[in-house]
Amino acid sequence: MGPKPRAARALSKIPFVPTPQPIVEKMLQLAAVKPDEVVYDLGAGDGRVVFTAVNKFSARGVAVELDPWRASLIREKVARLSLKEQIRVRQEDLFQTPLKNADVVTLYLLPEANRLLSKKMLVELPDNARVVAHDYPIPEWRPKEVLYTKYDGKIHTLYLYQPRMLKHF
Ligand SMILES: C[S@@+](CC[C@H](N)C(=O)[O-])C[C@H]1O[C@@H](n2cnc3c(N)ncnc32)[C@H](O)[C@@H]1O
């Protein structure tokens, strides 16, 4: 049997572990999400990041989720809440997602996935974009800010990056 495709390998390595809701809000605050900006959650799980971006920050969201079942649950919720204008769901490997329309990217992945994504983000993200990573930093990127929040007995670490500043390093 040949090697598994990259997407399947990545999915088997990155399980669904949801970010607690108060930490989701901290991530979006840290990125200073503004109304009408577009937030991409790469590996969207149950879609909580994009629903929060829309409901609490008046932003728009793109939920990228490889798992077809999870992506279909997000789509159903989008339809139920009549949010089709505000939220797009892309059932695909996040390494294939074009990022040129993202104002903010949120990540709760593993270090290897963050590392693989970093080059793509530097090339594709627009100059104003911000990236917030939960618990796992992006290797070799210097964060603009690091925020520690204790929730439910666990310290959650959030890293804010501005790829534009990294490009001019
Ligand atoms: C740790 S969970 C984070 C969920 C959500 N972003 C949050 O913070 O609550 C990671 C999610 O990434 C998805 N995932 C893993 N590999 C992926 C890939 N290559 N492309 C898209 N989604 C992927 C998993 O199915 C899982 O739902």
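Note that ligands are numbered from 1 as they come in the structure, with each ligand's atoms numbered from 1 the same way.
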Notebook entry, point to check: Applying a 4.0 Å heavy-atom criterion (strictly less than), which segment of His134 is in contact with ligand 1: side chain, backbone, both, or neither?
Noted result: neither

Notebook entry, point to check: Quick one: which ligand 1 atoms are inside 4.0 Å of a heavy atom on Arg48?
Noted result: 9 (O)

Margin query: Against ligand 1, does Gly47 come closer than 4.0 Å with any heavy atom?
Written below: no

Note to self: Counting only nitrogen or oxygen atoms and a 3.5 angstrom limit, does Asp93 reach ligand 1?
What the structure shows: yes

Next item on the list: Check Tyr136 against Ala133 and note the closest heavy-atom contact, atom names and distance.
Entry: O-CB, 3.4 Å

Check: Which bit of Leu66 is near ligand 1, meaning a heavy atom under 4.0 Å away: side chain, backbone, both or neither?
Finding: both

Item checked: Stepwise side chain to side chain contact (heavy atoms under 4.5 Å, CB included) check, Val54 with Val50 -> CA-CA 6 Å; Val54 168; Val50 292; 5.5 Å; no

Check: So is Leu109 polar-close to ligand 1, meaning N/O to N/O under 3.5 Å?
Finding: no

Notebook entry, point to check: Which heavy atom of Asp46 sits nearest a heavy atom of Phe16, and at what distance?
Noted result: N-CE1, 3.5 Å

Note to self: When you compare ligand 1 with Glu65, is there at least one nitrogen or oxygen pair between them that comes in under 3.5 angstrom?
What the structure shows: yes

Next item on the list: Pull out every atom of ligand 1 sitting under 4.0 Å from any heavy atom of Glu92, numbered as shown with elements.
Entry: 20 (N), 21 (C)

Check: About how many Å separate CD1 of Ile138 and CG of Asn114, when rounded to the nearest 0.5 Å?
Finding: 5.5 Å

Margin query: Distance under 4.0 Å to a non-hydrogen atom of Phe16: what atoms of ligand 1 satisfy this?
Written below: 2 (S), 26 (C), 27 (O)

Margin query: Are any of the N/O atoms on Tyr108, whether in the backbone or the side chain, positioned under 3.5 angstrom from an N/O atom of ligand 1?
Written below: no

Next item on the list: Output the rest of the hydrophobic cluster of Trp69: all Ile, Leu, Val, Met, Phe, Trp and Tyr residues reachable through side-chain heavy-atom contacts under 4.5 Å, sorted by chain and number.
Entry: Leu73

Note to self: If we set the cut-off at 4.0 Å for heavy atoms, which region of Ala44 has an atom near ligand 1: side chain, backbone, both, or neither?
What the structure shows: backbone

Check: So, is Asp46 polar-close to ligand 1, with some N/O to N/O distance under 3.5 Å?
Finding: no

Margin query: Give the atom numbers and elements of ligand 1 that come within less than 4.0 Å of a heavy atom of Pro15.
Written below: 1 (C), 2 (S), 10 (C), 26 (C)

Next item on the list: Determine, stepwise, if the pair His134 / Thr106 fulfils side chain to side chain contact (heavy atoms under 4.5 Å, CB included).
Entry: CA-CA 8 Å; His134 177 192; Thr106 55; over 6 Å; no

Check: Which atoms from ligand 1 have a heavy atom of Pro18 less than 4.0 Å away?
Finding: 9 (O)

Next item on the list: Could you list which atoms of ligand 1 come closer than 4.0 Å to a heavy atom of Asp41?
Entry: 5 (C), 6 (N)

Note to self: The test is side chain to side chain contact (heavy atoms under 4.5 Å, CB included); show your working for Tyr108 and Ile14 and say whether it passes.
What the structure shows: CA-CA 9 Å; Tyr108 189 17; Ile14 306 172; over 6 Å; no

Checklist line | Partners passing salt bridge (charged side-chain N to carboxylate O under 4.0 Å, His left out) against Asp103 (at least two apart in sequence or in another chain) | finding: none

Notebook entry, point to check: Between Asp135 and His156, does a side chain to side chain contact (heavy atoms under 4.5 Å, CB included) hold up when you go through it step by step?
Noted result: CA-CA 6 Å; Asp135 273 351; His156 294 264; 4.3 Å; yes

Check: Would one find an N or O of Leu42, backbone or side chain, under 3.5 Å from an N or O of ligand 1?
Finding: no

